[in-house]
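Letters A, B, ... mirror the listed sequences (proteins, then strands); counts begin at 1.
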Protein chains: 2
Amino acid sequence: MVETRNYIGEFHYTVDSKGRVNLPSKFRNARVDETVFVVTRGLDPCIYVYPLSEWNKMENGLGNLSQLRRPDRTFLRNMTRYATHTTYDAQGRIIVPKVLLDYAKIVKKAIIIGVLNKIEIWSHESLTEYEKSTGNLTDMEYNDLAGEIYL
Amino acid sequence: MVETRNYIGEFHYTVDSKGRVNLPSKFRNARVDETVFVVTRGLDPCIYVYPLSEWNKMENGLGNLSQLRRPDRTFLRNMTRYATHTTYDAQGRIIVPKVLLDYAKIVKKAIIIGVLNKIEIWSHESLTEYEKSTGNLTDMEYNDLAGEIYL
DNA sequence: GATTATCACCCACTACTACCCACAATATTA
DNA sequence: TAATATTGTGGGTAGTAGTGGGTGATAATC
């Protein structure tokens, strides 16, 4: 089994009647030391899941946000307001509050996406809609961003 | 045996029913220290295989993106979404997820191409079609690019 | 205080996959 | 040329991952 600290990849799982969502075993193995997570509302119509250590880093960083700029304020409020601590059970599942499931329009099926230091949970519906509308990048945006990265 | 860190050359291998693809022994010998790879969706209709160290370079770049700007988030998600860690087995094969095989239209035969710091996996179909259409460079493009290279 | 709802913990089943072994074909060495 | 190692390909199996449901303790409501 490959060991890396960062979360990557996409997984399709089911949410049961108790609001339990499986975390991919790859993700659990990636950070065996992390058993506590913070779930909260994403900026996009999805759910963010932070391992505790990453959440703490963010809490520290939140102090640096501007009180004046609107996106900063929104971000800060979103992150703190809906945040809940969770642990996973013996089967590797976390419990996601119904408010958040509703927000992400998740009913039965969920798409789990690893985004380096956090995990996103989407409904198929929200994700495709997001991709269709605002989600798409223009060629210019894409090239700008790609240029900032690597190669 | 000639020693190079870079992957070059083209190889024709088969993908078995379990989605296993052989990595050319030349490639394995090129970087004996690298046993972990990241397979992901290529920009072109093919599969990218990065040795872990190369992938990490990219991840470092991704870490600098803004959590607040929407294009940044989308870009980041697209990069991580289709990525998976793999190791090769005792026979030197890696497992490629079906989603990616479908994306590259690979069924039984695969074309492995070494592109310096990464490996590309193509289907014969996608490759020839790509060459016919968008793959060809205009003379102007070619000259522009050639000018950027050091000979 | 009685009743209901909620949640953490436990058990059970199925499908998959990581690991193992096998073998033919080619390349390398004696 | 014969012997040996390496390479590419195929398949079987034990362990694990994903899913569903049950139960007792605790909290909430009347």
Side-chain angles (χ1 to χ4, degrees), chain A residues 1-4 7-32 34-39 49 84-102 106-114 119 121-124, chain B residues 1-3 7 9-32 34-39 49 52 83-102 106-114 119 121-124:
Chain A
M1 175 63 72
V2 180
E3 296 284 339
T4 328
Y7 304 120
I8 58 172
E10 176 177 324
F11 303 83
H12 292 225
Y13 288 159
T14 65
V15 183
D16 66 19
S17 53
K18 298 179 180 180
R20 294 179 295 190
V21 188
N22 206 339
L23 290 189
S25 71
K26 280 202 174 181
F27 290 180
R28 299 197 301 268
N29 292 330
R31 306 199 181 201
V32 282
E34 308 251 20
T35 55
V36 181
F37 292 83
V38 175
V39 296
V49 183
T84 320
H85 288 99
T86 336
T87 336
Y88 50 68
D89 62 17
Q91 278 75 327
R93 294 170 292 193
I94 58 169
I95 292 185
V96 179
K98 282 181 193 59
V99 210
L100 293 178
L101 290 175
D102 289 347
I106 295 170
V107 182
K108 184 98 177 100
K109 294 273 155 203
I111 300 176
I112 323 283
I113 303 180
I119 300 163
I121 308 179
W122 289 78
S123 67
H124 185 73
Chain B
M1 172 66 72
V2 182
E3 294 287 338
Y7 304 119
E10 175 175 325
F11 303 83
H12 292 225
Y13 288 157
T14 66
V15 184
D16 67 19
S17 55
K18 295 180 179 180
R20 293 180 295 192
V21 188
N22 205 339
L23 289 188
S25 68
K26 277 201 178 181
F27 290 180
R28 298 199 300 270
N29 291 330
R31 305 198 181 200
V32 283
E34 308 252 20
T35 56
V36 181
F37 293 83
V38 174
V39 298
V49 183
L52 187 59
T84 318
H85 290 106
T86 338
T87 337
Y88 47 68
D89 61 16
Q91 281 74 319
R93 294 170 293 190
I94 58 170
I95 293 185
V96 179
K98 282 179 194 61
V99 209
L100 293 179
L101 291 175
D102 289 347
I106 295 171
V107 182
K108 184 97 177 100
K109 294 275 156 200
I111 302 176
I112 322 283
I113 304 178
I119 300 164
I121 307 178
W122 289 79
S123 67
H124 185 73

Counting only distance, no hydrogens or angles, is the base of dG21(D) paired donor-acceptor with the side chain of Arg20(A) under 3.5 Å? yes
Give me the atom names and distance for the closest heavy-atom approach of Phe27(A) to Ile8(A). CE2-O, 3.3 Å
What residues in residues 11-19 of chain B put a non-hydrogen atom under 4.0 Å from any atom of DNA chain D? Tyr13(B), Thr14(B), Asp16(B), Lys18(B)
Could I get the full list of salt bridge (Lys or Arg N to Asp or Glu O under 4.0 Å) partners for Asp16(B), not counting sequence neighbours? Arg20(B), Arg93(B)
Glu10(B): what forms a salt bridge (Lys or Arg N to Asp or Glu O under 4.0 Å) with it, not counting sequence neighbours? none
Is there a side-chain polar atom (N or O) of Arg93(B) under 4.0 Å from OP1 or OP2 of dC19(C)? no
I need the Asn29(A) CG to Leu23(A) CG distance, nearest 0.5 Å. 11.5 Å
On a heavy-atom basis, the closest approach of Pro97(B) and Val39(B) is CD-CG2, 3.9 Å
With no hydrogens and no angle check, is any side-chain donor or acceptor of Lys26(A) less than 3.5 Å from a backbone partner on His85(B)? yes
Please determine whether a side-chain nitrogen or oxygen atom of Lys26(B) lies at a distance below 4.0 Å from atom OP1 or OP2 of dG8(D). no
Considering just the side-chain nitrogens and oxygens of Lys108(B), establish if one lies under 4.0 Å of OP1 or OP2 belonging to dG10(D). yes
Side chain of Ile95(B) only, heavy atoms from C-beta on: which candidate in dT7(D), dA17(D), dA18(C) is closest? dA18(C)
